[in-house]
Student: 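Dropping the structure in here first, questions after.
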Number of protein chains: 2
Amino acid sequence: MAITIKDVAKKANVSIATVSRIVNNQSGYSSGTKEKVLKAIKELGYSPNALARGLVGQPTRTIGVLLPNVSSLFAGKLLEGIEDEAKENGYSVVVCNTGTQGLRAMGYLDMLNEKRVEGIIYGSGDMTKDQGDKLSALNIPVVMVATKPAYGHFPYVKVNDKKAAFDATRCLLDHGHTRIAFIGGQLEDPIAGRPRYEGFIQAMNERDLPIDESLIKFGDFSFNSGKEMMTEFVEEGASFTALFATSDEMAVGVLHAAYEKGIRVPDDLSVIGYDNTLASEMAIPPLTTVAQPLYEMGQKAFQRVIKTGATQIEMKHHMVERETVKSRRT
Amino acid sequence: MAITIKDVAKKANVSIATVSRIVNNQSGYSSGTKEKVLKAIKELGYSPNALARGLVGQPTRTIGVLLPNVSSLFAGKLLEGIEDEAKENGYSVVVCNTGTQGLRAMGYLDMLNEKRVEGIIYGSGDMTKDQGDKLSALNIPVVMVATKPAYGHFPYVKVNDKKAAFDATRCLLDHGHTRIAFIGGQLEDPIAGRPRYEGFIQAMNERDLPIDESLIKFGDFSFNSGKEMMTEFVEEGASFTALFATSDEMAVGVLHAAYEKGIRVPDDLSVIGYDNTLASEMAIPPLTTVAQPLYEMGQKAFQRVIKTGATQIEMKHHMVERETVKSRRT
DNA sequence: ATCATTTACGTAAACGTTTACGTAGATTCG
DNA sequence: CGAATCTACGTAAACGTTTACGTAAATGAT
């Protein structure tokens, strides 16, 4: 049924060792033999069995990638960078959708281990201690992307979230805003939650501006979350002329609620997002945001998972000024 | 170094066949033996080798998925449906980013064949004859999603694009619009291009409305493309009160250009998109669109690739009315 | 008590590939 | 010309797992 190396060897009248040498571009055969074998391969439609190769110790050239939501713009861009780089290096990518809470991660780790993947890229947000322990026990390279280990000592690729949030907040401050609302993620989240909040606080403190707790809310980074938070601000009668939302989707949600409430952006309210996904470009008005180089981060994560190297790869964020920020009217 | 079934057998004082039976939940062992073996497995941290299983004829439980752009909202949602359903069935998904023109597909097919994937889901837009031939030669199940075969006879999962476009156009007609602009994909594209155009034409013909060629343009489904096309319409002084763009991203691009030109949506211009991706929800105003059930299509494609069944799975599209359509002013 | 059936094992072979090592022939060098 | 080296092979074993088949012991039926 299946064509194997034995069939090729038989058809070309050589040994299976010779076929293997030819297929793998090793030395030790004549050009005449090579022609015979390649001809037989083509006629039979032989395709080497990667499973057998893996069994005799060859690399599987497969990595696993754990992402919280493959259909999000954020994760999609990471995945694109990972996959493009993997392809360039002859690797394939098993994608695992862990769900927003990462609850499905453990099952995936078992499966990836059985398939003997060469490494795992973990971009799944919150890591539990169980997950960290299990990742360590696998004894294969693990790299975290856009996050860093809550447990264990895995290398990671990320921006400086505190500094990025600091710069975003300072952008609003430089435009003269002093009453700035903030929508963050959960403070328990050590990457997207707390450091972005701290960056915001630090920028406000540097200008000796008081922190008004009624201008602080925490969401889940989704479009709907941003819409809800902004709606709550408005219903609570909160007074602010600018808002920093720590994801583009939340920021676009804010734009939505503002649109519905007749709040003009940027005339009445300046808004800054975080990530620079396609959502920021597609927003009306086009969203000013602090950019994480998601695609490049994905590439770097792949490079790191197949080679040893730095434990901390910090990528540069940068401000992308579009049309949602205006100086405060005096 | 690596813990194998032999190590477990030795530690538990049983044969490897017994360990295999226990690991695979077959019969033929006492409860005492089972305890001993499970204890040994746990202590040794044994994880079965899926490569070896595949070699002795067990299913690999792996499929390949070819998508044109994994970071697009469209493809992301398909992938999410595929991956969720695969996970539910104990399968893993190798994701392949073929690029917008599908130029990288052939290399992926070789790789997937070597890895002995059990099936391939092809959502990669245009298929060349070479690709179709190669897919056929693989002799494994292939299912196309959101597209259908240009070559070969592969089962597919899609909506009726002509009818969906017909309904979208009719929605505008029912709101009294008679001058309707159209932005489609390339007519050479047998799914996203020609049938959507035909649906538009059919709806116009049913109302005995003339087709004004100056109101027809073709883009590449991207946000930028929609923006450009709308900008061209405006610069050309085209006169229309409604527009149907055959992807959400192009429709949002249209909203952008309208925003920049001071054209009010939906007061001055009604707009309808196609897909119902997150982009339509995030648009300002929220975009009315004809929805493809992308997630469910992904699920169905997965189900179909691991089981035999219908050759044509037609999913229902439906209109999602948001806020970009208004009756024409008389 | 005897025979038939069932249960709980273990052995050996298969799966497709890679490669260390051995052999024969050809070529080169002293 | 003989010895050393190189080239072009082929053989056999390894890799980790599954399972068909055989055997011994236990159980159930007559």
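Bear in mind that the values here come from a model prediction, so they are computed numbers and not experimental data. In what follows, chains are A, B, ... by sequence order, proteins preceding strands, each numbered from 1.
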Student: If you compare all heavy atoms of Ile140(B) against all heavy atoms of Glu118(B), which two are closest, and at what distance to 0.1 Å?
Tutor: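 Closest heavy-atom pair between Ile140(B) and Glu118(B): CB-O, 4.0 Å.
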
Student: For Ser30(B), answer base if it contacts any base atom (sugar-phosphate contacts may also be present), sugar-phosphate if it contacts only those atoms, and nothing otherwise; contact means non-hydrogen atoms under 4.0 Å.
Tutor: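 Here Ser30(B) touches the backbone only, sparing every base.
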
Student: Please tell me whether Phe302(A) and Tyr91(A) form a close aromatic pair, meaning their ring centres lie under 6.0 Å apart.
Tutor: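 Yes, ring centres under 6.0 Å apart.
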
Student: Is the number of heavy atoms from other residues, nucleotides or ligands within 6.0 Å of CD (Glu88(B)) greater than 12?
Tutor: no

Student: Using 4.0 Å as the upper bound for N to carboxylate O, is an ion pair formed by Glu35(A) and Lys39(A)?
Tutor: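 Salt bridge absent between Lys39(A) and Glu35(A).
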
Student: Tell me which of Leu55(A) and Gln58(A) sits closer to the 5' end of DNA chain C, going by the nucleotide each one is nearest to.
Tutor: Leu55(A)

Student: Between Lys134(B) and Asp130(B), does any side-chain N to carboxylate O distance fall below 4.0 Å?
Tutor: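 Answer for the salt bridge query: no.
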
Student: I want to confirm an ordering. Mapping Ile16(A) and Ala17(B) to their closest nucleotides on DNA chain D, which one lands closer to the 5' end?
Tutor: Ile16(A)

Student: If we check side chain to side chain contact (heavy atoms under 4.5 Å, CB included) with Val65(A), which of these qualifies: Ile82(A), Leu78(A), Val117(A)?
Tutor: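 Going through the options one by one, the only one that passes is Ile82(A).
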
Student: Ser27(A) near the nucleic acid: base, sugar-phosphate alone, or nothing, with a heavy-atom cut-off under 4.0 Å?
Tutor: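 Counting heavy atoms under 4.0 Å across all strands, no contact is made by Ser27(A).
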
Student: NA contact type, Leu51(B), heavy-atom cut-off 4.0 Å: base, sugar-phosphate, or nothing?
Tutor: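 No contact.
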
Student: Nucleotide range of DNA chain D contacted by chain B, 5' to 3', under 4.0 Å to a heavy atom?
Tutor: dG16(D) to dT19(D)

Student: When all nucleic acid strands are considered with a 4.0 Å heavy-atom cut-off, which category describes Ser20(B): base, sugar-phosphate, or nothing?
Tutor: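 Touches a base.
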
Student: Heavy-atom nearest nucleotide on DNA chain C for Lys6(A) versus Gly28(B): which residue maps closer to 5'?
Tutor: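 Nearest-nucleotide comparison on DNA chain C picks Gly28(B).
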
